[in-house]
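Counting from 1, the numbers follow the sequence of the chain as shown.
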Amino acid sequence: MKIGTPVRALCELIANALDEDPATTVGWADGVLTIADDGPGIPEEGMILGHSTKTMRQIGQFGEGKKLACLVLARSPEIGTVRCETVGYGFTPTVQRRRLLEGLVPSLSGQGTDVLVYHLHANDRARGTVFTVACPQQLAQEAIGRFRALSEPGYTPPAAPGTCVLTGTPGRVWIGGVLVSTMPGLLASYDLPLDDKGLQNRDRTVIEAGALRDAVRAILAASENDAVIGRFAGHAIAGGKLREPEQFFADIEAPRPRVAWRTWGRAHLPANAFYAGHRQEEAVLDLQDMDYTRVTASGLSDHQEQVLMTLLGVEVARVRQQRHYEHHHDKTTWVPDRDLTTNERDLLSVSTALVRRVIGPFALDQVRVYSDSEESPCADGFYSPRNGDIAIHRDVLADQHRTLAVLFHEVGHRIRHRGGGRFIPSADYGDRSRGFEHMLTELGGLLLEFLADIAAGGTLPEPATPPAPTPTGNRRVRLTPADDPAVPVSRRELARLLTDRLPHALTAGGFTDEHDLVASTAVRPVYWNLLTRPRPAGFRRQQGVSTAWDYDKVALLADAVGVRPPVVWLASNLCEGPLHGRRRDQWGQPGRWTKNVRDRVERACADLETLGGAYATHIPALRALADGTTPAPTGDDSWQAPVRALIVLERQRLHLDRADQSKDSLVR
């Protein structure tokens, strides 16, 4: 106890009182500090070292703090009389020099040793404990100033992970509102929760640097406070350095803190900002010539700077430069419809109609004609998985046999990739792959079935014309994903809901376009694309995101557009329930959906229950689907009626002009 100070001892007595009674009063007057609580008092066991009745939510539990504090105060020359009045008795601690055990124990100095002595007396007190300590005002104020509960009215100890404090001198560290240490060089102060005993030892000091670092980073990584973000982002962009506990940028993973950082960046950084890594001098000069603004964080390491700029939505120079040139570079020379001859146009029209009639309207969308292509220079045609288009070389249109052969081949790629009808999409849609060979076998068998049927007197089927905008003149119009019959109906109706709502959201939020809106959420654009340009159920990319599966990210996009998050998530993902987590040969078969799907459906149902009203009436039907009570076969959209009804409710709530159309579609 040689390092014990009077201030630390006074803090121990104050902290003990606050542990017993949050309404403890502490004040200094006429040279005396008074600490009064309304707790149960100090039993005789409380006078014994090693005994404590404190809970896990209280600091201490070793039974030493109060006793050692009395020892420090009793021996300190700066402190006068110390008195304690508790339930049934009181005491005054003093330090006296004595020989122990009647002098039977040898003394090194021959003069005995200092002993802490309690002078006890009885009282009639029935509740609470009062300590009075004669001390200078400066010591009392310093001790009181270490407790946020005494200096900040209404203070409550923070919940995990803790609180970042921007007011006052930075670098202070509290545990449950009790100042335990200071760290010069920090940008902020931190109040850590009482729950984690790994952060503290028996005298309320942080005991391990790694524990403090993890605690500080957890607080900052979870913060959505614009002032906190502004302090650290502004400091870093101004070239400031950060001490190791506050190098937390890589720890920010939750969607909502990330969107808060992106929002700050959009509000405080130029729209055409970029940052530069190593060996990007040419890209920097090129971008500066195009009036782009360079942003730096020179005080951070390269990795920290990269993570910070990603959080703020600032792209690296080479990416900015590449995107600029991608808008001005095309690898394929397309032939407009107006430049085709009448024979070429007629042959292409008849051939595509025949393919759609035999295989299905999902087989083809946009068929484009090209004269030269760096993308696939040696082929008569190619399939573009990015947009679902099929391209055919102009020379092929000179012969009907070649035209049909190329279309049949590329349709195999498209259906294997996107699915449709009875065909399930798959990632192995490329040439020289077993999946593509299997698809061609399936299509070949389908054509032979038609030939056999026709030989027996049958005819080709007459499929429904796929919904598409009416073309103007001879110009063919691309079939949008929201009209693609291969896409589940709930996804199609969701895409129309979001695109119809988008203009209102852009105006309300002050966004320039949909890319600006998506960027504000810090959610990858692929999520928005999956919602507004949907894919068939079961579509899986070889790499990257195949479905808008993350509920929190979908919720951020839904909130930005003004649509209820559970409706958006269910409309996009309910059709995946019979497929997700199952073997391909079991897709759509009866049975409970996987736990991963059921948990997310239950979360959406909980949000619908919070909304109440007509939204909550569809919860039993949704749960029945997830539990396997209601069949959900692939290739049939009728079981998606509950989520389609939710989309109708959203259109009615938002007063969108297609509400009646969606309702009629649902009835049909």
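- Remark: Glu152 CD is packed, more than 12 non-hydrogen atoms of other residues, nucleotides or ligands lying under 6.0 Å away.
- Few gaps surround CZ on Arg127; more than 12 heavy atoms of other groups in view lie less than 6.0 Å from it.
- By the 4.5 Å heavy-atom criterion applied to side chains, Arg294 and Val284 are counted as neighbours.
- Nearest heavy-atom pair across Tyr551 and Ala604 is OH-CA, 3.6 Å.
- At distances below 3.5 Å, not a single donor-acceptor pair connects side-chain atoms of Glu142 with backbone N or O atoms of Val7.
- Between Trp549 and Trp569, the ring planes are tilted. Angles from 30° to 60° get that label.
- No donor-acceptor contact under 3.5 angstrom links the side chains of Tyr275 and Gln280, judged on distance only.
- Scanning both residues, Ser520 and Thr263, for their nearest heavy atoms gives O-OG1, 3.7 Å.
- A side chain to side chain contact (heavy atoms under 4.5 Å, CB included) with Trp261 is found for one member of Leu308, Thr310, Asp226 and no other, namely Leu308.
- Between Asp599 and Lys595 there is a salt bridge, with a side-chain nitrogen of the basic residue lying less than 4.0 Å from a carboxylate oxygen of the acidic one.
- Residues Val597 and Glu576 have side chains not in contact (no heavy-atom distance under 4.5 Å, counting atoms from C-beta outward).
- Shown here is Arg83, whose CZ atom has no more than 12 heavy atoms of other residues, nucleotides or ligands within 6.0 Å.
- The minimum heavy-atom distance between Leu530 and Ser546, with the atom names listed, is CD2-O, 3.5 Å.
- Listed here is the closest heavy atom pair of Ile252 and Ala221: CG1-CA, 3.8 Å.
- By the neighbour-count criterion of 12 heavy atoms within 6.0 Å, atom CD of Gln138 is sparsely surrounded, having that number or fewer from other residues, nucleotides or ligands.
- Listed for the Asp21 side chain is no donor-acceptor partner under 3.5 Å among the backbone atoms of Gly39.
- For the residue pair Cys164 and Tyr190, the shortest heavy atom distance occurs at SG-CE2, 3.9 Å.
- Annotation for Arg98: atom CZ does not count as buried by contact number, only 12 or fewer foreign heavy atoms lying within 6.0 Å.
- In this structure, Thr24 and Ile14 have side chains that are not in contact, with every pair of non-hydrogen atoms separated by 4.5 Å or more.
- Between the side chain of Trp28 and the backbone N or O of Cys135, at least one donor-acceptor pair lies under 3.5 Å.
- Within the 4.5 Å cutoff, the side chain of Val259 has no heavy atoms near those of the Val523 side chain.
- The pair Glu253-Arg258 does not count as a salt bridge, with every side-chain nitrogen at least 4.0 angstrom from each carboxylate oxygen.
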Determine, stepwise, if the pair Asp114 / Arg75 fulfils salt bridge (charged side-chain N to carboxylate O under 4.0 Å, His left out).
-> CA-CA 9 Å; Asp114 288 338; Arg75 74 169 186 201; over 6 Å; no

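- The shortest distance between side-chain heavy atoms of Trp528 and Val561 falls below 4.5 Å.
- Looking at Arg266 and Asp516, a side-chain N of the basic residue comes within less than 4.0 Å of a carboxylate O on the acidic one, giving a salt bridge.
- For Val563 against Arg653, the heavy-atom pair with the smallest separation is CA-NH2, 4.0 Å.
- Using a cut-off of 4.0 Å between Lys/Arg side-chain N and Asp/Glu carboxylate O, Asp559 and Arg256 are scored as salt-bridged.
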